[in-house]
Amino acid sequence: MKFDVTVIGSGPGGYVAAIRCAQLGLKTAIIEKYATLGGTCLNVGCIPSKALLDSSEHYHNATHTFEKHGIDVKEVKVNMKQMIKRKNEVVSQTSGGIDFLMKKNKITVFHGHGSFVNKNTISIAKADGTTETVETDKTIIATGSKPIAPAAFNYDKKRVITSTEALNIDKVPKRMVVIGAGVIGLELGSVYARLGTEVEVVEFMDRAIAGMDKDCSKELTRSLKKLGIKFHLGHAVTEVKGTSRSVTVKAKSKKNDKEIILKADYCLIAIGRYAYTDKLGLENVGINTDKKGRIEVGKHLETSVPGIYAVGDVIKGAMLAHKAEEEGTLVAEVIAGQQPHIDYNLIPGVVYTWPEVAAVGKTEEQLKEAGVPYKVGKFPMRALGRARASMDTDGMVKMLAHKDTDEILGVHMVGPRVADMIAEAVAVMEFRGSAEDVARMSHAHPTYTEATREAALAATGNRAIHM
Ligand code: FAD
Ligand code: NAI
């Protein structure tokens with residue numbers, strides 16, 4: 001079997017690359033080691049976590065806000081088995097959709113572990129013990145990432161878990177310790193806090209979502225504390241021990257070395273993910289990796305071996321599905337002789353808590369550090385009629401624009417549905433628009449998007465109308 005392009009890995013980086021290659025007339029194959037397509041994102045990441053976030057949000061509203069809305073419901077109960085079942089249905093429908101897209105685009109799918117024999121030969125070890133080999137002109141590596149679980153944390157998949165197991169707990173835990181106040185820790189921590197679990201988050205840095213704008217971090221932490229999540233910031237976890245029924249987590253304060261000991265039913269490790277290249281045979285072709293084990297890529301995401309490219313979580317950059325998709329598309333178009341381009345500054349980041357957090361461009365801290373002159377416009381959600389109508393008044397929109405040119409440099413949002421709202425900021429920034437441009441665009445009333453316009457008005461000289 002000979003292909004123009006073979007893609008290893010069927011996550012959003014891999015399957016999108018394969019579809020784009022096929023669209024461009026290349027004979028394409030994709031290799032996936034698991035039985036289902038879609039990678040981390042579809043099977044144990046974006047989609048199942050959002051399914052549980054939605055279900056738990058419904059429960060939280062039924063128990064916390066319905067009464068205020070004038071809806072009396074008696075005996076609202078969580079049926080965890082059904083919640084997980086629905087989540088699994090969403091996953092299998094979505095993964096089935098990728099099967100359909102592979103057929104539609106005439107992409108040959110192989111299930112098995114792919115590894116390089118040489119630059120143009122990939123062997124596929126199948127679940128039944130047999131091996132198949134494909135010949136390929138070009139290869140795109142899209143093997144993704146796995147959760148980091150240090151030895152001292154005694155990851156046992158039962159009581160000491162990562163996001164993968166946290167998506168399949170069949171009884172609401174009484175207590176959960178989450179290590180890491182990053183995206184996974186706060187999203188999955190929210191799921192369980194909404195369902196009634198006492199959640200305690202231990203974070204090494206002095207604030208949650210430390211990579212995002214400080215104001216977002218503050219707003220979100222305040223909302224999550226209201227939800228009942230306890231934070232131990234500035235603490236490094238040193239040891240986790242699980243028994244068959246419980247876990248003990250030890251952490252030390254960075255300030256004074258004081259130790260805290262937490263006990264819970266589960267400990268969720270959410271301290272980042274590492275690039276996955278296990279048994280990929282990189283040594284057989286001489287592909288370089290960096291200190292973090294990520295595949296090194298140069299111009300057009302080509303590895304140190306000409307004709308072999310890498311995309312998504314397995315290379316440097318944000319570990320996001322839409323970043324992987326952009327890269328998959330870029331490589332396919334490069335192989336087909338086109339001249340594509342990615343502006344990494346304009347890849348938005350979202351945290352699907354409630355309120356949600358969404359951001360694009362530079363944070364205020366980054367602008368300060370780079371010495372870029374900027375102005376700030378902020379507008380709180382609670383000043384919006386739409387937010388009061390839905391009782392979702394937590395959050396704000398913050399716009400950062402260049403002091404002299406008014407070009408928008410960063411937009412940071414906390415609030416209801418800001419994951420969808422951030423698209424406006426991306427679009428305007430893609431066209432290098434100014435705060436004045438957004439201030440002069442009509443935004444439907446009443447919508448949450450009015451906060452973006454008001455923040456733009458605030459940035460262009462304190463002209464916000466409703467504040
Ligand atoms: P992956 O999706 O990891 O896919 C890699 C695939 O390659 C896997 O299927 C793997 O089995 C396969 N593979 C590996 N090695 C081989 C081999 N040798 N042979 C054959 N197959 C192989 N991102 C967002 O943008 N939004 C979100 O809301 C979001 N939520 C997330 C929630 C959770 C709980 C997690 C864990 C992640 C989330 N992410 C989210 C991150 C997102 O899932 C990843 O950034 C994305 O999946 C990366 O895509 P990828 O194609 O690079 O790799
Ligand atoms: P993360 O990098 O977002 O957060 C990890 C946190 O753990 C950091 O704040 C870090 O300071 C902390 N930490 C590390 N070691 C620690 C220790 N020993 N003790 C205490 N705290 C410690 O990583 P996370 O949440 O695991 O997510 C992994 C990746 O998955 C992210 O890069 C993210 O991009 C992606 N993802 C994206 C989502 C989205 O787009 N909505 C949702 C979920 C995951």
Side-chain angles (χ1 to χ4, degrees), residues 1-22 24 26-41 43 98 102 107-146 273-317 319 324-325 327-336:
M1 274 173 290
K2 172 111 181 53
F3 295 93
D4 296 326
V5 182
T6 300
V7 182
I8 310 179
S10 72
Y15 83 76
V16 169
I19 292 174
R20 192 71 189 114
C21 284
L24 291 165
L26 298 160
K27 190 178 175 204
T28 308
I30 192 163
I31 307 170
E32 170 54 55
K33 70 176 196 155
Y34 290 125
T36 55
L37 301 180
T40 304
C41 174
N43 293 286
I98 309 295
M102 294 300 108
I107 295 162
T108 308
V109 177
F110 296 95
H111 286 281
H113 192 106
S115 67
F116 286 100
V117 176
N118 59 48
K119 183 177 173 299
N120 299 105
T121 313
I122 299 166
S123 98
I124 305 162
K126 298 184 161 185
D128 62 8
T130 60
T131 303
E132 211 165 351
T133 303
V134 292
E135 295 295 316
T136 188
D137 188 19
K138 305 270 193 293
T139 302
I140 304 173
I141 304 171
T143 49
S145 62
K146 296 272 181 202
R273 298 174 61 86
Y274 69 90
Y276 182 73
T277 57
D278 271 18
K279 300 189 192 110
L280 190 53
L282 293 182
E283 61 289 354
N284 297 338
V285 274
I287 288 179
N288 300 332
T289 53
D290 65 15
K291 272 187 209 149
K292 292 184 170 173
R294 300 174 299 193
I295 293 178
E296 277 180 350
V297 287
K299 204 174 166 217
H300 301 320
L301 308 182
E302 200 163 23
T303 66
S304 43
V305 178
I308 303 182
Y309 300 80
V311 300
D313 282 11
V314 80
I315 64 168
K316 66 179 184 221
M319 289 184 163
E325 289 187 28
E327 292 179 338
T329 303
L330 178 132
V331 167
E333 292 177 353
V334 165
I335 291 173

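Distance CG/D313 to OG1/T40: 6.5 Å, rounded to 0.5 Å. With rounding to the nearest 0.5 angstrom, the NZ atom of K27 is 10.0 Å from the OG1 atom of T136. Atoms CG and NZ, from L26 and K138 in turn, are 9.0 Å apart once rounded to the nearest 0.5 Å. Taking CD1 of I31 as the start and CD1 of I140 as the end, the distance is 11.5 Å to the nearest 0.5 Å. One finds the CD1 atom of I315 at 13.0 Å from the OH atom of Y309 (value rounded to the nearest 0.5 Å). Annotation: the span from L280 atom CG to T277 atom OG1 amounts to 6.5 Å, rounded to 0.5 Å.
Taking the side chain to side chain donor-acceptor pair (under 3.5 Å) definition, one finds that Y274 meets it with nothing, sequence neighbours left out. Here T28 pairs with nothing under the side chain to side chain donor-acceptor pair (under 3.5 Å) rule; sequence neighbours left out. Remark: N120 engages no residue in a side chain to side chain donor-acceptor pair (under 3.5 Å) (not counting sequence neighbours). Residues satisfying the salt bridge (Lys or Arg N to Asp or Glu O under 4.0 Å) criterion with E325, sequence neighbours excluded, are absent altogether. In this structure E32 satisfies the salt bridge (Lys or Arg N to Asp or Glu O under 4.0 Å) test with no other residue, sequence neighbours excluded. Take M102 and apply the side chain to side chain contact (heavy atoms under 4.5 Å, CB included) test, not counting sequence neighbours, and it matches Y15, I19, I30, L37, I98, I107, V109. Taking K146 as the reference, Y34 meet the side chain to side chain donor-acceptor pair (under 3.5 Å) condition, with sequence neighbours excluded. Under the side chain to side chain contact (heavy atoms under 4.5 Å, CB included) criterion, T303 pairs with I287, I295, V297, V305, I308, A310, sequence neighbours left out. For E333, the side chain to side chain contact (heavy atoms under 4.5 Å, CB included) test picks out R20, L24, T329, Q338, P340, with sequence neighbours left out. Considering only residues two or more places apart in sequence or on other chains, N288 meets the side chain to side chain contact (heavy atoms under 4.5 Å, CB included) condition with E296, S304.
Between A142 and V311, the shortest heavy-atom distance links the atoms CB-CG2, 3.7 Å. Residue N284 comes nearest to F116 through the heavy atom pair ND2-O, 2.8 Å, listed as atom of the first residue, atom of the second, then distance. Across all their heavy atoms, V314 and Y276 have their closest contact at CG2-O, 3.7 Å. Heavy-atom minimum distance, A324 versus G312: CB-CA, 3.6 Å. The minimum heavy-atom distance between A275 and M319, with the atom names listed, is N-CE, 4.4 Å. Annotation for M1 and T133: closest pair CE-O, 4.3 Å, computed over non-hydrogen atoms.
Residues in residues 278-291 take part in these salt bridge (charged side-chain N to carboxylate O under 4.0 Å, His left out) pairs, two or more places apart or across chains: D290-R294. Among pairs with a residue in residues 120-137, those fulfilling salt bridge (charged side-chain N to carboxylate O under 4.0 Å, His left out) read K126-E132, at least two apart in sequence or across chains.
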Self-check item: Derivation and outcome, side chain to side chain contact (heavy atoms under 4.5 Å, CB included), residues I141 and L282
Solution: CA-CA 10 Å; I141 304 171; L282 293 182; 4.1 Å; yes
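Environment of NZ in K119: crowded, with over 12 heavy atoms of neighbouring residues, nucleotides or ligands closer than 6.0 Å.
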